[in-house]
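All remarks here apply to the structure that follows.
Starting from 1, each residue takes its place in the sequence as its number. All values derive from a computational prediction rather than experimental measurement.
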Amino acid sequence: MIESSPESSVTATRLQRWAQSLYDWLEQLPAALRRTLIIGTTAFCSVLALLIVMTPFELYAQCIFAAGCFAAALVLRKIPGRLSILILIGLSLTASLRYMYWRLTSTLDFDDWVDKTFGYGLILAEIYALVVLVFGYLQTAWPLRRQPVLLTAQPSEWPVVDVFIPSYNEALDIVKLTIFAAQAMDWPKDKLRVHVLDDGRREDFREFCDQINVNYITRDNNFHAKAGNLNEALKITSGEFVAFFDADHVPTRSFLQVSIGWFLKDPKLAMLQTPHFFFSPDPFEKNLDTFRSVPNEGELFYGLVQDGNDLWNATFFCGSCAVIRRAPLMEVGGVAVETVTEDAHTALKLNRAGYNTAYLAIPQAAGLATESLSSHISQRIRWARGMAQIFRTDNPLLGKGLNLGQRLCYLNAMLHFFYGLPRLVFLTAPLAFLFFDAQIFHASGVMIAAYAVPHLFHASLTNSTIQGRFRHSFWNEVYETVLAWYIMPPVLMALVKPGFGGFNVTDKGGTIEDKFFDWKLAKPYIVLLVLNLCGLIYGLLRLAFGDEGFIVTLLINLAWTLYNLIIISAAVAVASETRQVRVGPRVAAQLPALLTRADGSVIEGVTQDFSQKGMGLRLPPGVSVPHGERVQISLFGNQHVSVFPAVIMFSRGDVLGARFEPLTLRQQSELVRLTFARADTWAATWGSGQVDTPLAALREVSSIGLRGIYELFKATTMEVRSVMRRRRGAPPTLENALDKS
């Protein structure tokens with residue numbers, strides 16, 4: 001990382017003071033004058049930007065202009081505050097729009113069908129990427145950062161809340177956590193009604209709900225999957241509000257107290273969403289060993305995009321960890337059943353009906369992420385297909401009830417899932433020149449660099465500045481590369497035939513006994529990897545023996561191909577599934593605990609992690625407990641002590657691993673209340689990872705890419721050996737010979 005000089009720090013401080021002084025001066029102006037000044041300044045800047053975008057520059061003038069803008073962006077990046085972000089966005093849009101204007105007016109003079117096929121394919125992908133970039137800036141430029149509203153009325157006046165926990169095929173051990181945590185929420189017990197909606201119609205669920213006094217609801221069909229399950233429960237419940245939790249999402253005790261206040265303040269508020277936070281790693285984090293060090297795929301959406309949507313009154317309902325006011329929900333016909341993303345479609349209907357939606361960026365529940373890459377891809381396919389269905393059947397640009405900001409926020413969410421084809425275009429575009437001499441840019445290499453490099457660098461720098469806590473640079477390309485091939489067909493099919501495809505339930509809580517390489521899922525990545533590797537080798541040969549007039553163009557395409565190889569090889573690394581032997585992952589947490597030994601002596605300790613089945617503890621230095629000893633672990637909450645019997649499973653110095661002995665239902669409930677349902681358990685790690693720096697992120701992705709190449713080589717070697725062993729072991733019979741032929 002490059003250290004900033006004292007002179008640049010002084011300049012940044014001066015600019016920060018100037019920006020703050022300007023902001024304070026604007027705040028002191030009368031509202032009408034301030035609004036007029038802002039509108040006038042915006043109009044002037046827009047006209048100026050249009051002139052800058054459309055003014056043609058010669059090569060050296062373009063380079064000087066680009067260098068000056070990027071130098072300004074590097075200085076602005078160091079200045080905290082929303083004004084700096086807005087200027088960075090302005091500079092980025094100027095560079096990107098200049099590039100696109102130049103592309104459309106100066107580089108599309110194609111000569112033959114090969115150039116036209118590859119050239120127009122690339123320009124359409126670039127237009128898509130630019131539209132998504134612009135809409136993304138719109139969504140994230142000014143997050144609302146809503147804070148909770150305290151409940152001032154007496155608890156006896158708080159509203160009745162129904163808690164819906166839909167389930168279909170999840171194991172009871174997983175759903176128990178959510179049920180116990182829902183019961184433990186800090187809300188008057190006579191106003192809290194917990195319902196388990198079992199579409200699997202399982203007897204053990206019914207018996208468990210009877211034992212702990214939770215309402216058990218089932219139906220005689222599975223029409224409309226989860227949406228139908230929720231709608232059936234709405235018919236037979238009556239609470240003023242409904243809180244929704246997926247079967248594996250464990251709410252904190254503070255969930256309702258944090259959420260309900262906004263409904264009492266805003267009578268038009270129909271839905272409030274909180275983040276989906278996961279206490280287990282998803283396949284990217286598990287297979288790449290990046291859990292809690294690199295923000296996961298969904299963290300950008302819940303950490304920033306939803307907060308930005310909230311500014312435009314366009315928060316999406318995400319199916320879980322949310323509260324909806326019953327009356328508006330029933331007014332729009334209940335949970336939407338027309339598409340497989342019933343949650344986002346329901347929010348769209350509520351907004352169309354004139355109701356408000358809100359987002360509170362404080363994790364108030366946590367759940368299990370998908371364990372395997374195949375489950376992860378299956379889940380994303382459903383999301384992508386559902387968004388395409390909404391785009392086709394209830395397009396936010398059409399119809400009544402939405403303001404412009406809402407339309408654009410919903411539109412961007414749907415356009416996002418169309419990235420499959422553009423991503424594949426970007427991953428193969430340089431091969432068109434390297435293999436076929438296709439002139440997809442009718443311009444010199446230096447002119448391409450002069451316009452394209454500022455566009456790419458500004459977009460990367462600006463997004464890194466805006467998203468740094470919730471998305472690291474270059475990881476978006478890795479996520480999209482892994483999914484692109486698989487989401488493209490269902491998205492395109494949904495546009496042609498919206499009713500095609502049904503709802504699939506994402507498996508949670510499974511195990512992966514042995515490490516393996518998922519050849520089936522990795523095939524598209526391997527094909528792309530081989531194509532780009534061949535393109536790189538062929539391009540280097542052309543560079544060594546080819547025409548000197550194409551050197552710059554060759555270098556640009558080789559650099560592009562090398563970047564694609566880094567991204568694709570990182571995608572290959574994700575396909576190497578690591579072992580997961582624990583059904584219930586352990587959650588890191590430092591809580592005070594007492595350890596009572598068999599002889600009655602008591603040791604003060606601190607927990608290291610916990611799960612439903614056991615707990616890790618650290619004792620004072622020099623204190624140890626032998627393996628196999630039975631102990632009592634005491635945890636504390638609200639001046640109450642709960643005791644759990646356990647046996648020591650491993651002892652390494654002052655670090656112990658204990659497994660709980662069979663617990664009563666009351667003890668299980670107390671354990672959840674004191675661990676998973678703590679209000680501070682999840683918020684402590686929310687957005688607290690290392691802030692992004694593009695160069696560090698590129699090194700990180702490159703390192704993972706090298707590991708992907710190694711894992712592919714190792715898996716290939718093992719596969720070849722396995723085939724050779726099978727061949728040596730098979731008797732040379734006529735049947736075998738026929739099979740081989």
Side-chain angles (χ1 to χ4, degrees), residues 169 171 280-290 369-381 420 424 427-428 431 435 478-479 481-490 504-538 564-583 585 702-741:
N169 62 354
S280 66
D282 68 20
F284 292 89
E285 296 170 308
K286 176 173 64 70
N287 297 342
L288 304 181
D289 193 24
T290 60
T370 51
E371 283 86 11
S372 67
L373 183 59
S374 59
S375 296
H376 189 85
I377 290 175
S378 177
Q379 183 187 67
R380 274 17 181 209
I381 288 174
L424 293 175
L427 291 172
T428 55
L431 304 180
F435 286 138
V478 176
Y479 297 141
T481 298
V482 169
L483 298 169
W485 178 261
Y486 296 102
I487 72 167
M488 181 177 65
N504 60 292
V505 178
T506 305
D507 294 331
K508 301 285 185 69
T511 60
I512 299 175
E513 296 295 337
D514 297 302
K515 180 177 179 178
F516 70 96
F517 189 84
D518 197 328
W519 286 101
K520 182 178 179 181
L521 290 179
K523 283 180 182 178
Y525 323 143
I526 296 172
V527 171
L528 288 170
L529 185 70
V530 171
L531 286 175
N532 277 270
L533 188 59
C534 291
L536 182 69
I537 295 171
Y538 186 56
N564 285 345
L565 281 170
I566 292 171
I567 299 301
I568 296 167
S569 56
V572 170
V574 183
S576 182
E577 293 278 10
T578 58
R579 297 176 68 232
Q580 179 174 305
V581 295
R582 284 181 176 147
V583 175
S702 300
S703 174
I704 288 172
L706 290 174
R707 187 169 65 178
I709 298 293
Y710 170 73
E711 292 291 346
L712 177 60
F713 175 77
K714 187 168 66 172
T716 303
T717 302
M718 292 177 62
E719 190 71 15
V720 170
R721 288 176 178 173
S722 177
V723 171
M724 295 299 292
R725 280 196 299 269
R726 288 198 299 269
R727 287 184 176 180
R728 285 196 297 268
T733 62
L734 176 62
E735 184 180 356
N736 285 336
L738 291 174
D739 285 343
K740 290 178 183 179
S741 64

Indicate the atoms forming the closest heavy-atom contact of [X] with [Y], along with that distance.
{"X": "V478", "Y": "A571", "value": "CG1-N, 4.4 Å"}
{"X": "E577", "Y": "L373", "value": "OE2-N, 2.6 Å"}
{"X": "S280", "Y": "A369", "value": "OG-N, 2.9 Å"}

Polar side-chain atom of D282 near backbone of T370 as donor-acceptor pair, under 3.5 Å = no
Kindly say whether L706 contributes a backbone atom to a donor-acceptor pair with the side chain of S569 at under 3.5 angstrom?
-> no
Output the distance between atom [atom1] ([X]) and atom [atom2] ([Y]), rounded to the nearest 0.5 Å.
{"X": "S722", "Y": "M724", "atom1": "OG", "atom2": "CE", "value": "11.0 Å"}
{"X": "Y479", "Y": "H376", "atom1": "OH", "atom2": "NE2", "value": "8.5 Å"}
{"X": "Y538", "Y": "L431", "atom1": "OH", "atom2": "CG", "value": "12.5 Å"}
{"X": "D289", "Y": "F284", "atom1": "CG", "atom2": "CZ", "value": "15.0 Å"}

Are T290 and I704 side-chain neighbours, meaning at least one heavy-atom pair lies under 4.5 Å?
-> yes
Can you find a heavy atom in the side chain of R726 that is under 4.5 Å from one in the side chain of V723?
-> yes
For residues 520-537, dump all side-chain donor-acceptor pairs below 3.5 Å to protein atoms at least two apart in sequence or in another chain.
| residue | atom | partner | partner atom | Å |
| --- | --- | --- | --- | --- |
| Y525 | OH | V482 | O | 2.7 |
| N532 | ND2 | L427 | O | 3.1 |
| N532 | ND2 | L528 | O | 2.9 |

Please tabulate, one pair per line, all N/O donor-acceptor pairs under 3.5 Å involving side-chain atoms of residues 707-717, not counting sequence neighbours.
| residue | atom | partner | partner atom | Å |
| --- | --- | --- | --- | --- |
| R707 | NH2 | L288 | O | 2.7 |
| E711 | OE1 | S576 | OG | 3.3 |
| E711 | OE2 | K515 | NZ | 3.3 |
| T716 | OG1 | L712 | O | 2.7 |
| T717 | OG1 | F713 | O | 2.8 |

side-chain contact (heavy atoms from CB on, under 4.5 Å) evaluation trace for E719 with W519 | CA-CA 10 Å; E719 190 71 15; W519 286 101; 3.9 Å; yes
What residues, two or more places apart in sequence or in another chain, satisfy salt bridge (Lys or Arg N to Asp or Glu O under 4.0 Å) together with E285?
-> none
